[in-house]
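Contents: one structure, followed by commentary.
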Amino acid sequence: MAKRLGRKYLSQPATLLAKELVGKLLCRQTENGVMRYRIMETECYYGEEDTACHASRGKTERTSILYGKGGIAYVYLCYGIHSLFNVVTGPEGHPEAVLIRGVLGYNGPGKLTKAMAIDKELNGEDMVSSARLWLEDDGYKPSVRADKRVGIDYATPEYRDILWRYIADEVEYRPVK
DNA sequence: AGATTGATAAGG
DNA sequence: CTTATCAATCTT
């Protein structure tokens, strides 16, 4: 039986939750009904010291949401085209988040948000209490492997090469190379 | 390999 | 105000 992920769970460090969230269900309620997709790929962004994290240059209008409570949605427009969806994690006041990079059926951060009708309108949504967007655990536990993060060449080498990307080891899931 | 697309953040 | 940059995707 699936149960909704709560504040306490989502307030754990992103470094831990990035791996934990792989295999969980991302749920979206729209006027057409409920969608549920299993999370297959994530990335961890952790703290101002992580030069790949949007908060690395301090708190700004955009990144202030990263400093909020665990369980808040952080959605922003990338390259002017794609909405990217993150789950803010950790204690309030510390900037960290888990980027959802892929779900079963959609192998890219911009593709899954399009499929699930997630856009910046959902930025700041509290997934602990929201009726539109939330996370569930149905007990499924895939095996997970780690890899380097993608698309962050601008980061310093120590953070560019860190293994903060987590991918479910599923035969039917093939992430973009 | 190249085009696309617009919000964001830094600089003048 | 102006400009460079970007946690990507699709087409050639």
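Proteins get letters first, then strands, A, B, ... in listed order; numbering begins at 1 in each.
Across all strands shown, nothing is found opposite dA7(C) as a Watson-Crick or G-U wobble partner with both distances under 3.5 Å. Nucleotide dG11(B) has dC1(C) as its partner under the Watson-Crick or G-U criteria, with both atom distances under 3.5 Å.
By the 5.5 angstrom centroid cut-off and the 30-degree plane limit, Tyr79(A) is classified as not stacked against the base of dG6(B).
OP1 and OP2 of dT8(B) both lie 4.0 Å or more from every side-chain N or O belonging to Arg57(A). Between Tyr76(A) and dC6(C) there is no side-chain polar atom (N or O) within less than 4.0 angstrom of OP1 or OP2.
Here dA7(C) is the nucleotide among dA7(C), dT9(C), dA9(B) with the atom lying nearest to any side-chain atom of Ile152(A). Looking at the side chain of Pro109(A), the nearest of the listed nucleotides dA9(B), dG6(B), dA8(C) is dA8(C). Here dA9(B) is the nucleotide among dA9(B), dA7(C), dA8(C) with the atom lying nearest to any side-chain atom of Thr60(A). Of the candidates dA9(B), dT9(C), dA7(C), the closest approach to any side-chain atom of Lys111(A) belongs to dT9(C).
Checking side-chain atoms of Glu43(A) against main-chain N and O of Val150(A) turns up a donor-acceptor pair under 3.5 Å.
Rounded to a whole Å, the NZ atom of Lys120(A) is 19 Å from the P atom of dA8(C). The distance from atom CD1 of Ile100(A) to atom C1' of dA8(C) is 16 Å, rounded to the nearest whole Å. In this structure, Arg160(A) atom CZ and dA7(C) atom P are separated by 14 Å, rounded to whole Å. In this entry the distance linking CG of Asp119(A) with P of dA7(B) reads 12 Å, nearest Å. Atom NE2 in His82(A) sits about 8 Å away from atom C1' in dC10(C), given to the nearest Å. Distance, Phe85(A) CZ to dA8(C) C1': 17 Å, rounded to whole Å. The separation between Ile81(A) atom CD1 and dA7(B) atom C1' is 12 Å, rounded to whole Å. Atom pair Arg62(A):CZ and dA10(B):C1' shows a separation of 13 Å (rounding to whole Å applied).
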* Given Glu125(A) and Arg28(A), is the salt bridge (charged side-chain N to carboxylate O under 4.0 Å, His left out) satisfied, shown in steps? -> CA-CA 12 Å; Glu125(A) 191 83 355; Arg28(A) 171 81 168 110; over 6 Å; no
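Using the six-membered ring where Trp is involved, Trp164(A) and Tyr159(A) have ring planes that are tilted, between 30° and 60° apart.
Note on Arg7(A) versus Glu92(A): no salt bridge recorded, every NZ/NE/NH1/NH2 to OD/OE distance being 4.0 Å or above.
Contact of His54(A) with dA7(C) (side chain to base): a donor-acceptor pair of N or O atoms is detected under 3.5 Å.
Inter-residue side-chain proximity for Ile167(A) and Met40(A) is flagged as unmet; no heavy-atom pair is nearer than 4.5 Å.
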